[in-house]
Amino acid sequence: MNKPTRNRRLLKAAEVVAINVVFWVLIPYYAGVLLSSYAPSSPLTVPTFIYEFGLLITVMEVGAALTEGMAVSVPFVSAVSLTSAVYLWLALEGGTLAVSTGSIALVLGFQPLLYVLIVPSLWGAAKAPLSYMVRRRAAGSKQAESVPA
Amino acid sequence: MKAKTPTGIKVIRAVTISIAIVVVLVVGSVVYSGYAEYRSVTSEFKQGQGGVVGETVQGAGAVFSANITIPDQGVYPITATISCGQSESSFNVYCQPASVTVQPGQTGVLRLQIHVQDLTAYENSANRRVNGTLAINMPPFVSLAVATDLSSLIQQGGA
C-alpha cells in the first residue's frame, strides 16, 4: 500500500478546507440571501445548523486527509459519511416538508426518496473500513509471497 | 509494473458504481416527473381547463360538482384524491371524496361533489370556509397534500 507523502496530505487538507468553505458556508449563506430577497415572507429558511455540521465535517475531512493511508484515517472517513447522512436527514426534515402560507397548507412527503439519497453516505461509512481491510490483507499476502522459503 | 488491484476492491468499486447509478436514476426520474406534473397542471389551469364547475339545486340545498383535470406527463403513475374536512360554520356542507389513478402519458378527471344542505344559510354565513385536501401521490417515492379552502368552487358554481 503506497502511503502519500506529508506534502501531499497537507495539500489535500487545504483542498478539503477550500471546497468545504464553498459548499457548507458560502452556498448556504447566498441561498439564504437569495431566498429572503426573492420571497421575504417565505416560511422556508436556511437552518443555522448547516454551519455547525459544515465545521464538524470539515474538521473530520481534514483529519482524514492528514492521516490518509493510515489506519486512523478510517474512523474519520466513516464519521464524515455518517455525519453527511444525519445532516441530509435533518436538513430535509426527515422527508416531510410542511409549508403554510395564508389559507393554503402544503405537506410534501418524500421519506422513501430520502432513504435512497442517504444510501450512498451509509455505504461510504461501511466502505472505508472494508477497503482498508481488503488492502491490508492484500498487502499482507503479497509480503508473505515475497519472503523466500 | 502496475500493482494488481485486489478482487475485494473491485467488488467494492462495483457496488459503489451500482449505488450511484441507482440513486441518479431514481432521483432524476422523480424530479423529472414532479417538474413535468407541475408544468402540465399549471398550464391546464392557466388555460382555464383545469376545473369545470357546475351547480344543481335540490330543494333548499345544492350540489356543486367540479371536474378537475389531472394530466400525468411524468414516468410514474399518480393517484389524486380530494376530500373535505369539517366545515367551521353551522350550515351543513359535506363532500363526496373522489380519487383517480392516472397512468403516465394519460389524463384523468377528478370528480368532486360538494353538497350544501341549506344554501340560504350558507350564503348568509359570515364564515363560508369549506376545508378541502387535495393529495397527489407518486408511489412509492413522493406524496403532496394541499389543504385549502374549497368555497371558491361553490362561488364559481353559483355565479
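Remark: side-chain polar atoms of A:T5 are paired, donor with acceptor, to backbone N or O of A:R8 under 3.5 angstrom. Under a 3.5 Å cut-off, the side chain of A:S78 and the backbone N or O of A:P75 do not form any donor-acceptor pair.
The contact between B:L144 and chain A is made by backbone and side chain atoms together, counting heavy-atom distances below 4.5 Å. With a threshold of 4.5 angstrom between heavy atoms, B:T7 does not approach chain A through any atom at all. Of the atoms belonging to B:P140, it is backbone heavy atoms, and not side-chain ones, that fall under 4.5 Å from chain A. When heavy atoms are compared at a cutoff of 4.5 Å, B:V11 does not approach chain A at all. Residue contact with chain A, scored on non-hydrogen atoms closer than 4.5 Å, involves the side chain of B:V30 exclusively.
For chain B, the option among A:S141, A:A138, A:S131 with the highest count of heavy-atom pairs below 4.5 Å is A:S131. Ranking B:V26, B:I12, B:T133, B:D149 against chain A, the residue ahead of the rest is B:I12, based on heavy-atom pairs under 4.5 Å. When each of B:V15, B:L134, B:I136, B:V27 is checked for heavy-atom pairs under 4.5 Å with chain A, B:V15 comes out on top.
No path of Ile, Leu, Val, Met, Phe, Trp and Tyr side chains, each step under 4.5 Å between heavy atoms, connects A:L56 with A:I19, placing them in separate hydrophobic clusters. A continuous path of hydrophobic side-chain contacts links A:F53 to A:F23 [ILVMFWY only; heavy atoms under 4.5 Å]. The hydrophobic cluster containing B:V31 also contains B:V75, counting ILVMFWY residues as joined when their side-chain heavy atoms lie under 4.5 angstrom apart, directly or transitively. Note: the hydrophobic cluster containing B:Y38 does not contain B:L110 (ILVMFWY, side chain heavy atoms under 4.5 Å, direct or indirect links).
Shown here is A:Y51, whose OH atom has more than 12 heavy atoms of other residues, nucleotides or ligands within 6.0 Å.
Scanning residues 105-123 of chain A against chain B with a 4.5 Å non-hydrogen threshold yields A:A105, A:L106, A:V107, A:L108, A:G109, A:F110, A:Q111, A:P112, A:L113, A:V116, A:L117, A:V119, A:P120, A:W123, sorted by number.
Ring geometry, A:Y87 versus A:F49: the interplanar angle exceeds 60°, so the pair is classed perpendicular (tilted spans 30 to 60°).
The nearest pair of heavy atoms linking A:R9 to A:L66 is CD-O, 2.9 Å. Minimum heavy-atom separation, B:P139 to B:Y76: O-CD2, 4.2 Å.
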